[in-house]
Structure formats: structure tokens, C-alpha cells
Amino acid sequence: QVQLVESGGGLVQAGGSLRLSCVASGRTFSSYVMGWFRQAPGKEREFVAAISMSGVRTHYADSVKGRFTISRDNAKNTVYLQMNSLKPEDTAVYYCAADFSGAVRVGATEYDYWGQGTQVTVSS
């Protein structure tokens, strides 16, 4: 069993920045791949970013490349999503997820554990 708790969401103006955090507990943090997803009202949950167990490999959705950065600190059992140059279309509930397959995946159904989500709202 893995427990994930997100934090760092809030209200920000377009062009601003936020850093989301996800703290994991229950199993060795370094043993799983971590991902970030988001879901806006009326839309399906979509992939945002993922990071390998070591943190060396990362993958991003085209919509956030160059603006968002995913990172992890295995000593702190934490994964981060630094979000810069935020746009109104980034408004969504953001979820972190854990995958024990060992591969960096982009499909939500391929992840094993999920956090409760944190709201990000970007005003125009």
C-alpha cells in the first residue's frame, strides 16, 4: 500500500508560478515511477509529466513542455511539479500517481496508486 498526499495548489494569475508537492509513504519511494495528471471540468484526466525511479528520465505532455518541470527527492519521499508561465487552460485538479511497473507511462489506467488531488486555478 502506498499513500500519496499532494499540496501546493492555489489561485494564481496568468504568467505566475506554483510548485506542487506529493509526499509518499508506505513503501520505499525509490521503487516506483511517479507521474502527474490533471483533470479540468468537463474534460478527461490527462497526462502531465512522469519521472523514473532514479529521476534521470522524465517525460512531459506537449502542452507543458518548457513550462513545467518534474523532479523527485528520494531522501524526502517527495515528487515535485514546478509550474511556470501558467495559463488559464492549466486550471485543473492535479493528481500525483505511483506506478510499480518500472516504466515511465502516460496512461492513467497504468498507474497503481493515486493522491486526492490539489486544485490549481489560473486567472486571466
Side-chain angles (χ1 to χ4, degrees):
Q1 181 69 38
V2 174
Q3 296 180 351
L4 306 173
V5 180
E6 303 100 329
S7 63
L11 176 64
V12 65
Q13 296 181 25
S17 299
L18 285 173
R19 188 178 75 162
L20 306 184
S21 299
C22 176
V23 179
S25 62
R27 294 182 66 174
T28 302
F29 182 69
S30 61
S31 67
Y32 44 88
V33 171
M34 296 296 299
W36 285 97
F37 292 78
R38 66 187 183 186
Q39 188 165 22
K43 296 184 178 180
E44 296 181 352
R45 187 169 298 184
E46 66 173 341
F47 170 79
V48 176
I51 189 166
S52 63
M53 292 180 288
S54 67
V56 172
R57 182 185 176 190
T58 59
H59 183 65
Y60 298 92
D62 289 341
S63 60
V64 305
K65 285 182 179 178
R67 299 189 299 120
F68 291 9
T69 302
I70 187 171
S71 62
R72 69 191 296 164
D73 187 339
N74 288 346
K76 297 181 178 179
N77 294 339
T78 303
V79 63
Y80 304 95
L81 185 69
Q82 178 67 46
M83 305 185 294
N84 298 325
S85 301
L86 283 163
K87 305 174 181 179
E89 51 263 44
D90 294 319
T91 295
V93 177
Y94 283 71
Y95 301 88
C96 66
D99 176 20
F100 283 88
S101 72
V104 177
R105 298 178 172 181
V106 301
T109 60
E110 298 172 323
Y111 283 76
D112 301 301
Y113 301 99
W114 293 84
Q116 296 300 307
T118 185
Q119 177 70 48
V120 172
T121 302
V122 184
S123 62
S124 60

Checklist entry - Are Tyr111 and Phe37 near enough that their ring centres are under 6.0 Å apart? => result yes
How far does [atom1] of [X] sit from [atom2] of [Y], to the nearest 0.5 angstrom?
X	Y	atom1	atom2	result
Asp99	Ser52	CG	OG	12.0 Å
Gln13	Ser124	CD	OG	10.0 Å
Gln39	Glu46	CD	CD	9.5 Å
Phe47	Glu110	CZ	CD	10.5 Å
Gln1	Ser25	CD	OG	9.0 Å
Cys22	Met34	SG	CE	4.0 Å

Any side-chain to backbone donor/acceptor pair from [X] onto [Y]? Under 3.5 Å, distance only.
X	Y	value
Arg67	Ser85	yes
Gln116	Glu6	no
Asn77	Gly26	no
Thr91	Val122	yes
Tyr113	Phe100	no

Which heavy atom in [X] sits nearest to a heavy atom in [Y], and how many Å separate them?
X	Y	answer
Ala92	Ala40	CB-N, 3.8 Å
Trp36	Leu20	CH2-CB, 3.7 Å
Val104	Val33	CA-CG1, 4.1 Å

Item to check | Among Thr118, Val120, Thr121, Asn84, the one residue meeting side chain to side chain contact (heavy atoms under 4.5 Å, CB included) with Leu18 | outcome: Val120
Checklist entry - Relative to each other, are the rings of Phe68 and Tyr94 parallel, tilted or perpendicular (30° and 60° limits)? => result tilted
Checklist entry - Under 4.0 Å between a Lys/Arg side-chain N and an Asp/Glu carboxylate O for Lys87 and Asp90? => result no
Going by heavy atoms in the side chains, are [X] and [Y] under 4.5 Å from each other?
X	Y	value
Ser63	Arg38	yes
Leu4	Tyr95	no
Met83	Val48	no

When clusters are formed by joining ILVMFWY residues with side-chain heavy atoms under 4.5 Å apart, either directly or through shared neighbours, do [X] and [Y] land in the same one?
X	Y	value
Ile51	Trp114	no
Val106	Val79	no
Leu86	Ile70	yes

